[in-house]
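Let me begin by presenting the structure, written as structure tokens, before commenting on it.
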There are 4 protein chains.
Amino acid sequence: MNVLLDDILKECSQYVGQGKLANYIPELANADPNKFGICVIPHEGEIAFAGDYYHHFTIQSAIKPLILLMALFDSGWSRVHDLVGVEATGKPFDAFNYSDQALTGAHINPMINTGAIALCTLIKGETYDEKFNHLLNFTRKLAGNPTMEIDEAVYRSEKITGNKNRALAYMLKAYGMIEDPVEDVLDCYFKACSILTTCTDLARIAAVFSNQGKDVLTGKQMFEPKYAKYVNAILTTCGMYDGSGEFALRVGFPAKSGVGGGILGVVPKRMGIGVYSPALDKKGNSVAGIHALEMLSRKFDLSIFL
Amino acid sequence: MNVLLDDILKECSQYVGQGKLANYIPELANADPNKFGICVIPHEGEIAFAGDYYHHFTIQSAIKPLILLMALFDSGWSRVHDLVGVEATGKPFDAFNYSDQALTGAHINPMINTGAIALCTLIKGETYDEKFNHLLNFTRKLAGNPTMEIDEAVYRSEKITGNKNRALAYMLKAYGMIEDPVEDVLDCYFKACSILTTCTDLARIAAVFSNQGKDVLTGKQMFEPKYAKYVNAILTTCGMYDGSGEFALRVGFPAKSGVGGGILGVVPKRMGIGVYSPALDKKGNSVAGIHALEMLSRKFDLSIFL
Amino acid sequence: MNVLLDDILKECSQYVGQGKLANYIPELANADPNKFGICVIPHEGEIAFAGDYYHHFTIQSAIKPLILLMALFDSGWSRVHDLVGVEATGKPFDAFNYSDQALTGAHINPMINTGAIALCTLIKGETYDEKFNHLLNFTRKLAGNPTMEIDEAVYRSEKITGNKNRALAYMLKAYGMIEDPVEDVLDCYFKACSILTTCTDLARIAAVFSNQGKDVLTGKQMFEPKYAKYVNAILTTCGMYDGSGEFALRVGFPAKSGVGGGILGVVPKRMGIGVYSPALDKKGNSVAGIHALEMLSRKFDLSIFL
Amino acid sequence: MNVLLDDILKECSQYVGQGKLANYIPELANADPNKFGICVIPHEGEIAFAGDYYHHFTIQSAIKPLILLMALFDSGWSRVHDLVGVEATGKPFDAFNYSDQALTGAHINPMINTGAIALCTLIKGETYDEKFNHLLNFTRKLAGNPTMEIDEAVYRSEKITGNKNRALAYMLKAYGMIEDPVEDVLDCYFKACSILTTCTDLARIAAVFSNQGKDVLTGKQMFEPKYAKYVNAILTTCGMYDGSGEFALRVGFPAKSGVGGGILGVVPKRMGIGVYSPALDKKGNSVAGIHALEMLSRKFDLSIFL
């Protein structure tokens, strides 16, 4: 398997560096565009990896499935469903257009910024520090990595420059969709996006989602199967922003990308995958990462649509 | 299995008649809202059915996966992909809003009216009569039902009153996305929507999509597996209009609804399903039909997301 | 005055040919971009002209105030108001975006294509030929030019290629805003746009609107003052498409442009103006024409806002 | 004239209390819906007034023409023009929809919240306190009323609850359209909206705009005529939000409404008008106020379109 992953990285190496680094904060623009790594954790067989699988990068939007999971876990489906919708918006992840009418949950979903910010309010915790720590701890547990931490520089940079997210959050506030102070909610969201991770972490987390909520390595049930089903469904329809349809065709399983360059890929009943390469296409997804997942999907018939 | 389907219809009978009949043409408004039928064709085991599984209704948008299949089959992926996109639009099936810019393929997909009308041009045939007959014959073959015909009254009614579709088609024409005469293209589309079908037909067609393009009953390969993968992926992200996300959560497999009240459900590697009940929710999907599929999905763990 | 107009054309000659000829039909693309003419009919003093004031071009959207006038005249304010709104749309003249909701009169206005097409139905006449002739005759009367005729080649070309207008008209039909056959209504609209005119005609027509409905040369009351007020108000807010705000600042009086290159300018209590130069800015307005009007406005303090 | 104004108020008294009080802050919802006052300052003749012309209310959006004037005055047309457009948006005053693209000045105008907030940055002053004081002092001068002050309760309430404006401001920040701290800019804007005024103040200010920048009572030139022309033009196309077209038809002169219930009306070469009644139509304009202006316009032929 390791050999096969090496082959895939080699064959996809032509795509490495294609696209653009995220540049809204200097920390992301300084990433090395030539990094490329992958890790696969199958339900049966050995964990496999290749390339820069150990390289650290910020998780960014790939934390969104975990925010959704925490909100479901801590507040229940019905409160989640009251707050955010589940339909694809047909718009970029940070779009402002919410039709002519008052903003309602039906206009957003958990995989776009507005929805993820809203869901931070449903994580358990007296304060937003507590909520974030609760999220971080659970993420560490799923990744089996108690050393996960935030990248302080990225966090501070996001906090200072994150005015589009700030605008989205104040809009949620204006329409009564968040009650707590906007800066508190945003602080939790910015920290969540700044968590440092690796392909290995993402693969281990993805493996739990692929295995009905059970840790593949320990066999421990981490959360109820129904939450895995819920999250995987939304990842399929909305996980790759307005590139989700194309991704479903070419790759064919639930996944979530982040502008840090990582993608978390969930193959139900089969495996969890983490892939990383920081140069992004216009929709904000890792170019080389998608190619690697596509090749992997073809070699192992991973599409859930066949 | 028949007993179980009976049970499901019984348990879902409370939803029968909830919602509204499609009323843009008199023929649809005259349907009996109390009809409710289902047919399941599993890869292993006997065909099963219950309720009004033999009742005829017009296929309407449930023909869209077949139009897409024909276009792929006759003109190839690349021409299909040049003409229509694959992203969910976040809009109702007949929406006019295409942002401020010139209309391009990226703004539409094969499961909304605009996209399906455009794809009629890629079906093989010298004339649009030939194209339609080609589509009808292939549909008959997939359904294993050589007697399928159009409902003349519905067809004529659609043709006379279908001005929204006419507007969408002229827009495609205005932006150079269709070259042939608009009325010819529309005639093919209106006929396609007017094909009479039953739950049994839909289940048999769906079964082929669920079985990598192979007829479940005869074992004959009807089309290449890659086309099944392509169509099933788009059905998952866009098949239930702007209710596709909700359907993915609640039911969890590729499906396509029609305003005639039918839903074609594809469970990869497992079964094809046809369900019918003509009262629709606000998004144009059969209310009782979705409930029956949800119950079936739960009883047999049919979600592809777990 | 003639000398002054000569000066204005000379000073604005640098703008002649700037912009692009309308090119959606070959007849418009073949116009001579160097043509530049103007005619002014003041309430006091002699008619004045300069440059290619006698050159013929198609009136195009500059017929819209006359369609509105006829609809008001023949069907009354209340029916006009029920059918079309009066607010600027913030969109190009041929935009498809009507928000997410059902199209209503509130989404359109008489100075965009959709509104003008709808208003053709309110002109008096048993048939659309009669309606058009009624409009043409009234236009001739206002222009004091019984020889006005349509350009057959332009009319036929518009009819053949006018699919965007056809799409808009079918949308009106789909939403119940026009009852008559779409092609009949469009035929009247296409003919109306194809009327051949000159700067002199436009100036004479504009003069009536500037003079409370009274012909400046004969003193004859052509229509009630209230209609002039109504039309002039809409010209001010919507007459130059989504360039109406800029035009109000720079020029400051009611006007209507056409993609043929003509602009009809109404200076209440002062004068009527016709100007022509066929190269257009991105919003569809004559570049040199606007500059000439701006200079004229400054020299004679024509802004109604001061 | 006073008698005539009394008559107008009497005839329009049926409209007093129609519509709804602004209710986004308690201070506005507590207004007395039965208040109704008017003041007229003609270029020739005596100042006239009737009803509750002396009643104090917050100026709200009627400060927007003054913010624009200050920005023009202090930073010049070209910087104003680079920052904000001048076209009607076809949207409510606080709409979020800025098409799918990056926000640019072309999407906003000085009479909607986003535009007015942006223009606060172009007022002279080292700090936003200085900018506000500069604006307040100029407003006092134009109104001839050195006692004008802000309503502290309204200001604090706006500051606390003004999250929609906060969202709009952060969006401006995100797109690089404002550089200074958002809360500073907003503080200036919230204070500006909270200035207490009366019909008399508004009439006196409006009179200056109607008189080419010259104070009607003292004859003193307060600002250059070109600025009056600029502001009056924008008031005509955008001053009454997405009710500007209707207002142009019914009333026919530049005006600006505020959700406090005041309207400032400018009749070039004739008079300045202030009217007040706090119950608003759906677009945010005073119902009785518009009726009074319409009647006044008819009695004195005030429309600039005839």
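These numbers come from the heavy atoms of this one structure, side chains and all, not from hydrogens, waters or symmetry mates. Each chain gets a letter, A, B and so on, in the order the sequences are listed, and its residues count up from 1. Predicted model only: the values in this text are computed from it and were never measured.
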Exercise. Could you have a look at A:I234, A:V266, A:N232 and say which one has the most heavy-atom pairs with chain B under 4.5 angstrom?
Key: A:N232
Quiz prompt | Centroid separation A:F253 to A:F209 less than 6.0 Å | solution = no
Quiz item: Quick one: of B:V86, B:L306, B:V267, B:I304, who has the most non-hydrogen atom pairs under 4.5 Å with chain A?
Solution: B:L306
Exercise. Measure the spacing between CG of B:L68 and CG of B:L119 and express it to the nearest 0.5 Å.
Key: 6.0 Å
Quiz prompt | Max heavy-atom pair count under 4.5 Å with chain B, selected residue of A:G243, A:P225, A:G213, A:A106 | solution = A:G243
Self-check item: Carboxylate-amine/guanidinium contact B:R204 B:D215, below 4.0 Å
Solution: yes
Practice problem: Under 4.5 Å, counting heavy-atom pairs only, tell me which of B:P254, B:S244, B:G252 racks up the most with chain A. | Solution: B:S244
Quiz item: Would you find more than 12 non-hydrogen atoms of other residues, nucleotides or ligands less than 6.0 Å from B:Q14 atom CD?
Solution: yes
Practice problem: Considering only heavy atoms and a distance below 4.5 Å, find which of B:K269, B:K229, B:E87, B:H81 pairs most often with chain A. | Solution: B:E87
Quiz item: Do B:K299 and B:E11 sit within salt-bridge range, that is, some charged N less than 4.0 Å from a carboxylate O?
Solution: yes
